[in-house]
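Step one of this worksheet: look at the structure below.
Given the structure is predicted, the values throughout are model-derived calculations rather than measurements. Here is the naming used below: chain letters follow the sequence lines, and residue numbers restart at 1 for every chain.
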Amino acid sequence: MPELPEVETTRRGLAPHLQGRLIQAVTLRRPDLRWPIPAEVARDLPGQRITGVRRRAKYLLMDVESGDSALLHLGMSGSLRVLPADTAVRAHDHVDIALAAKGRGAGQVLRFNDPRRFGSLLWQPAGQTHELLQGLGPEPLSDDFDGDYLFELSRGRKAPVKTFLMDQAVVVGVGNIYAAESLYRAGISPLRAAGRVSRERYLALADAVKDILGHAIARGGTTLRDFISPDGAPGYFEQELSAYGRGGEPCPRCGRPMKQANIGQRATVWCGHCQK
DNA sequence: AGGTAAACCTGGACGC
DNA sequence: TGCGTCCAGGTTTACC
């Protein structure tokens, strides 16, 4: 489900609810997610105040006073909601982080639901960077990411440019939806070898990535099946998708039918006329 | 080292 | 209605 805009939407939805709140208890109903949930999560979180919610790539970091962080990844089907503490538990509600009541109001719970269990809840000790966060590429919305960077890094690479763009060691946060959209916007065929894309066209691609991700965040992300923000709202970017999910439909630009094929095991849609 | 494919898991859509 | 097949927003791991 979630690429950078959906994770950032989740972060923005969570932050105001979690900032400064006291964690009362942690309930693990199903500790076997992508990886087992480390013992520290249930042992060290209760009694601590949340100091912030950050995002790096598609990971969320919930920081607490001790300097430790809970590291969350939503995988393909994960979602985080802030709910009244007495909300009935549903299928695939794997983890609850109970928040102490503010004043005399009722308490709330941060609930992690993930049908496919590709998501994860891990632990990053104070002062350390989790192994999974090492070796990641730059944030696409930062100044470290631009067309020159893509051009230099791609020299000699034979993998398709779409595969290159989705490689989290190249740039983080771009998944299957936004890779297709960005390449469509930039007029680059997803099949083209990464090393065979010019500097000029990488400038257009980097601009497209930034623009599309920024716009998707402003729309609250893309809801295809099940993405939902912490407040329960869907994202509204789906209606603005030009390529993803439109195989066989007319190209919005030239009207010719959009092509579809698997590239790097992922369904890919593009226009054979507008993208070279 | 780069490139590719399998693997992890569940639910929904579809065809028969 | 039921069953088999295919597909899905991610990423590690293994292998060439």
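Of the candidates B:dC9, C:dT12, C:dG9, C:dG9 carries the atom nearest the A:Ile177 side chain, counting heavy atoms from C-beta on. Closest approach to the A:Ala267 side chain among C:dG9, B:dA6, C:dA8 is made by C:dA8 (side chain taken as heavy atoms from C-beta onward). In this structure, the nucleotide among B:dC9, B:dA6, C:dT12 sitting nearest to the side chain of A:Arg117 is B:dC9. The listed nucleotides are C:dT11, C:dA8, B:dT10; the one nearest the side chain of A:Arg225 is C:dA8.
Exactly one residue among A:Met258, A:Lys259, A:Arg256 makes a side chain to side chain contact (heavy atoms under 4.5 Å, CB included) with A:His273. That residue is A:Arg256.
Put simply, the side chain of A:Arg55 gets close to the backbone of A:Ala57: a donor and an acceptor are under 3.5 Å apart. A donor-acceptor pair under 3.5 Å links the side-chain atoms of A:Arg155 to the main chain of A:Phe151, judged by distance alone. No donor-acceptor pair closer than 3.5 Å links the side chain of A:Glu139 to the backbone N or O of A:Arg56. Using a distance-only test at 3.5 Å, with no hydrogens or angles considered, no donor-acceptor pair links the side chain of A:Arg34 to the main chain of A:Gly119.
With rounding to whole Å, A:Leu122 atom CG is found 11 Å from C:dT12 atom P. As a whole-Å value, the separation of A:Leu74 CG from C:dG10 P is 11 Å. Regarding A:Asp114, its CG atom lies at a distance of 18 Å from the P atom of C:dA8, rounded to whole Å. The distance from atom CG of A:Asp32 to atom P of B:dC8 is 14 Å, rounded to the nearest whole Å. Between A:Leu33 atom CG and C:dG10 atom C1' there is a gap of 14 Å when expressed in whole angstrom units. The interatomic distance linking A:Asp167 (CG) with C:dG10 (C1') rounds to 13 Å, in whole Å. The interatomic distance linking A:Gln260 (CD) with C:dA8 (P) rounds to 7 Å, in whole Å. Rounded to whole Å, atom C1' of C:dT12 lies 13 Å from atom NE2 of A:His130.
Separating the C1' atom of C:dT12 from that of B:dG11 is a span of 23 Å, rounded to the nearest Å. Distance check on atom P: B:dA1 versus C:dT11 gives 22 Å, rounded to whole Å. As rounded to the nearest Å, C:dC3 and B:dC9 have P atoms that lie 23 Å from one another. Between C:dG9 and B:dG3, the two C1' atoms lie 23 Å apart (nearest whole Å).
Considering only side-chain N and O atoms, A:Lys58 lies under 4.0 angstrom from the phosphate OP1 or OP2 of C:dT11. Contact between the side-chain N/O atoms of A:Arg266 and the OP1/OP2 oxygens of C:dG9 is found at a separation under 4.0 Å. Between B:dC9 and A:His92, no contact under 4.0 Å exists linking OP1 or OP2 to a side-chain N or O.
Under the stacking criterion of a centre-to-centre distance below 5.5 angstrom and an interplanar angle below 30°, A:Phe118 sits stacked against the six-membered ring of B:dC8. Stacking of A:Phe227 onto the six-membered ring of C:dG9 is not present when judged by under 5.5 angstrom between centres and under 30° between planes.
Using a 4.0 Å heavy-atom distance criterion, A:Tyr244 is classed as a sugar-phosphate-only contact. Within 4.0 Å of A:Phe237, counting heavy atoms only, lies no atom of the nucleic acid at all. Note on A:Pro160: only backbone sugar-phosphate atoms sit closer than 4.0 angstrom, heavy atoms only; bases stay farther off. A:Arg157 comes within contact range of the sugar-phosphate backbone alone, with a heavy-atom separation under 4.0 Å but no base atom that close.
With a cut-off of 3.5 Å on both Watson-Crick or G-U wobble distances, the partner of B:dC8 is given as C:dG10. Searching all strands for a Watson-Crick or G-U wobble partner of B:dA1 with both distances below 3.5 Å returns nothing.
Ion pairing between a basic and an acidic side chain is recognised when a charged N comes within 4.0 Å of a carboxylate O; A:Lys210 and A:Asp146 show no such pairing. Comment: A:Arg116 does not engage A:Asp114 in a salt bridge, judged by the lack of any side-chain N to carboxylate O separation of less than 4.0 angstrom.
The base of B:dC9 sits with one of its N or O atoms less than 3.5 Å from a complementary donor or acceptor on the side chain of A:Arg116.
Each of A:Thr163 and A:Arg34 was matched to the nucleotide of DNA chain B holding its nearest heavy atom; the match closer to the 5' end belongs to A:Thr163.
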